[in-house]
Colleague: 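The structure's right below; bear with me while I get my questions together.
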2 protein chains.
Amino acid sequence: MEKKHYTRDDMAGLLRAHDINPTHQRIEIAYALFSRQAHLSADQIMAIVNDRHSETSKATVYNTLNLFRQHKLVREVIVDPSKVFYDPNTGPHHHFYNMQSGELIDINENDVQILGTPTLPDGMVAEGAEVIIRIRPQNP
Amino acid sequence: MEKKHYTRDDMAGLLRAHDINPTHQRIEIAYALFSRQAHLSADQIMAIVNDRHSETSKATVYNTLNLFRQHKLVREVIVDPSKVFYDPNTGPHHHFYNMQSGELIDINENDVQILGTPTLPDGMVAEGAEVIIRIRPQNP
DNA sequence: CCAATGTTTGGACTTTGTCTAATTTAATAC
DNA sequence: GTATTAAATTAGACAAAGTCCAAACATTGG
Ligand SMILES: [Mn+2]
Ligand SMILES: [Mn+2]
Ligand SMILES: [Zn+2]
Ligand SMILES: [Zn+2]
């Protein structure tokens, strides 16, 4: 879980490994997520990527994030009704959600045990179980 | 967990018990949720309430649902990035989310055990831990 | 009845996200 | 290299969920 220091070249390789053609925009978007190892919204990603020179359109940011999700390069985290967060960590883990600040904090999958996964409705298969613990400052 | 047969009068009492002035619109909205014991979006609630005669505006539906939430009469379930579901069951329980149909299915809190709630960040208090299991048809 | 307070309303507005048709870029074929 | 495709990006129109506001309406208590 130590932080790796990704380069943009690493991103190109990562994209190829997921059968994604590594264009300039896609590399920048992947780099924004993976170099920070953070949970970012599309808006935040767009701001990061276009920080210096405007490089990438809104349509491309959304296209790319959906592409990444389809190829399981990133995962969506849905905790805020008004925006989706993208998580470069696709392995099984859980989240604290700070309702005050909107910040997501990872919980190691081993720190939470889900016992007795209940029987699924017939013909259905689980996509994965996630735990979300909403937290807030003690004295609001 | 057997289904109770609520009347509109029950709703008025329920609202009063939660310090909410039971207006006609509020009673109808509460009745839509509690008589069905279902997970409904604001849109669905508005359609139900305005089924015969148009009775309630969009602003009032949203105002009322937020009021209900503040008074902990209902709970929000956030699983779909495009809409919030309102749950008349505020007790601790969990959810299957059918990604195909958009349907939410309750999981009894006893069917899932969350072991070892991880240590919270300092000065933070948990609002409750929820498990979401996303499911989909086996052969898509 | 009047005044005061609480509630509802239409419609403008904001935000997140999608869609489309046109353009740009990249890949492939000669 | 140049021509021909195919893939990717873009601006801006569009859609949907939700908020906001000032005006209208309802209720209560005197
Ligand atoms: Mn999405
Ligand atoms: Mn809300
Ligand atoms: Zn995470
Ligand atoms: Zn429920």
Side-chain angles (χ1 to χ4, degrees), chain A residues 8 11-12 15-16 18-33 39-50 53-71 73-87 99 102 104, chain B residues 8 11-12 15-16 18-33 39-50 53-71 73-87 99 102 104:
Chain A
R8 287 177 170 79
M11 292 302 101
L15 293 179
R16 276 191 214 94
H18 286 257
D19 286 314
I20 298 170
N21 193 5
T23 66
H24 177 52
Q25 287 89 337
R26 287 169 180 171
I27 287 170
E28 288 300 317
I29 290 170
Y31 186 69
L33 277 164
H39 308 86
L40 301 175
S41 67
D43 227 35
Q44 292 175 306
I45 291 167
M46 184 149 161
I48 291 168
V49 163
N50 290 332
H53 343 285
S54 182
E55 301 189 68
T56 307
S57 71
K58 183 174 66 152
T60 296
V61 170
Y62 280 102
N63 285 347
T64 299
L65 289 171
N66 283 328
L67 186 73
F68 285 2
R69 173 174 47 75
Q70 284 161 30
H71 290 254
L73 181 62
V74 303
R75 152 188 178 185
E76 291 184 345
V77 182
I78 298 167
V79 286
D80 182 317
S82 74
K83 68 186 71 145
V84 173
F85 287 99
Y86 290 88
D87 191 340
M99 301 168 77
L104 276 167
Chain B
R8 286 176 170 79
M11 293 302 101
L15 292 179
R16 275 190 215 95
H18 285 259
D19 286 314
I20 297 171
N21 192 6
T23 65
H24 178 53
Q25 287 90 336
R26 287 168 181 171
I27 288 170
E28 287 302 317
I29 290 170
Y31 185 70
L33 277 165
H39 307 86
L40 301 174
S41 66
D43 228 35
Q44 292 174 308
I45 290 167
M46 184 148 161
I48 291 169
V49 164
N50 290 330
H53 342 287
S54 182
E55 301 189 67
T56 306
S57 70
K58 182 173 66 149
T60 296
V61 170
Y62 280 102
N63 286 347
T64 300
L65 289 171
N66 283 327
L67 186 73
F68 286 3
R69 173 173 47 74
Q70 284 161 29
H71 289 254
L73 182 63
V74 302
R75 150 189 181 187
E76 291 184 343
V77 182
I78 298 167
V79 287
D80 182 318
S82 75
K83 68 186 68 140
V84 173
F85 288 98
Y86 291 88
D87 191 341
M99 301 170 76
L104 275 168

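To find a chain, count down the sequence lines: A is the first, B the second, and so on, and within it residues start at 1. Remember, it's a predicted structure, so these values are computed and weren't measured experimentally.
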Colleague: Would you mind reading off the distance between Q70(B) atom CD and dT19(D) atom P, rounded to a whole angstrom?
Modeller: 11 Å
Colleague: Does a side-chain heavy-atom distance below 4.5 Å link I78(A) with F85(A)?
Modeller: no
Colleague: Send over the distance from L40(B) CG to dG18(D) P, rounded to a whole Å.
Modeller: 13 Å
Colleague: Does any non-hydrogen side-chain atom of L65(A) lie less than 4.5 Å from one of I29(A)?
Modeller: yes
Colleague: List the protein contact pattern of nucleotides 4-14 of chain D with one symbol per nucleotide (5' to 3'): B for base contact, S for sugar-phosphate-only contact, - for none; contact means a heavy-atom distance under 4.0 Å.
Modeller: ----SSBB-B-
Colleague: Over all heavy atoms of both residues, which pair between V74(B) and Y86(B) is shortest? Give the atoms and the distance, please.
Modeller: CG2-CD2, 4.0 Å
Colleague: What is the distance, rounded to the nearest whole Å, between atom CG of N66(A) and atom P of dG17(C)?
Modeller: 9 Å
Colleague: Under a 4.5 Å cut-off applied to non-hydrogen side-chain atoms, are Q25(A) and E55(A) in contact?
Modeller: no
Colleague: To the nearest 0.5 Å, tell me how far H39(A) NE2 sits from R75(A) CZ.
Modeller: 7.5 Å
Colleague: Could you state the CD-C1' distance from Q44(B) to dA16(D), rounded to the nearest angstrom?
Modeller: 14 Å
Colleague: Do V49(B) and Y31(B) have side chains that get closer than 4.5 Å, going by heavy atoms?
Modeller: no
Colleague: Would you check if I27(B) and H24(B) make a side-chain contact, meaning some heavy-atom pair closer than 4.5 Å?
Modeller: no
Colleague: Could you state the atom-to-atom distance from CG of L67(A) to P of dC19(C) in whole Å?
Modeller: 15 Å
Colleague: Measure the distance from CD1 on I78(B) to P on dT16(C) and round it to the nearest whole Å.
Modeller: 15 Å
Colleague: So do the side chains of P22(A) and R16(A) get within less than 4.5 Å of each other, counting heavy atoms only?
Modeller: yes
Colleague: Tell me whether the OP1 or OP2 atom of dG18(D) has a side-chain N or O from Y62(B) closer than 4.0 Å.
Modeller: yes
Colleague: All N/O contacts under 3.5 Å from nucleotides 27-30 of chain D to the protein, with atom names and distances to one decimal?
Modeller:
none

Colleague: Mind calculating the distance between NZ (K83(A)) and C1' (dG17(C)) to the nearest angstrom?
Modeller: 13 Å
Colleague: Once you round it to whole Å, what is the distance between P of dA17(D) and CD of E76(B)?
Modeller: 15 Å
Colleague: Identify, with sequence neighbours excluded, every residue that meets salt bridge (charged side-chain N to carboxylate O under 4.0 Å, His left out) alongside R8(A).
Modeller: E28(A)
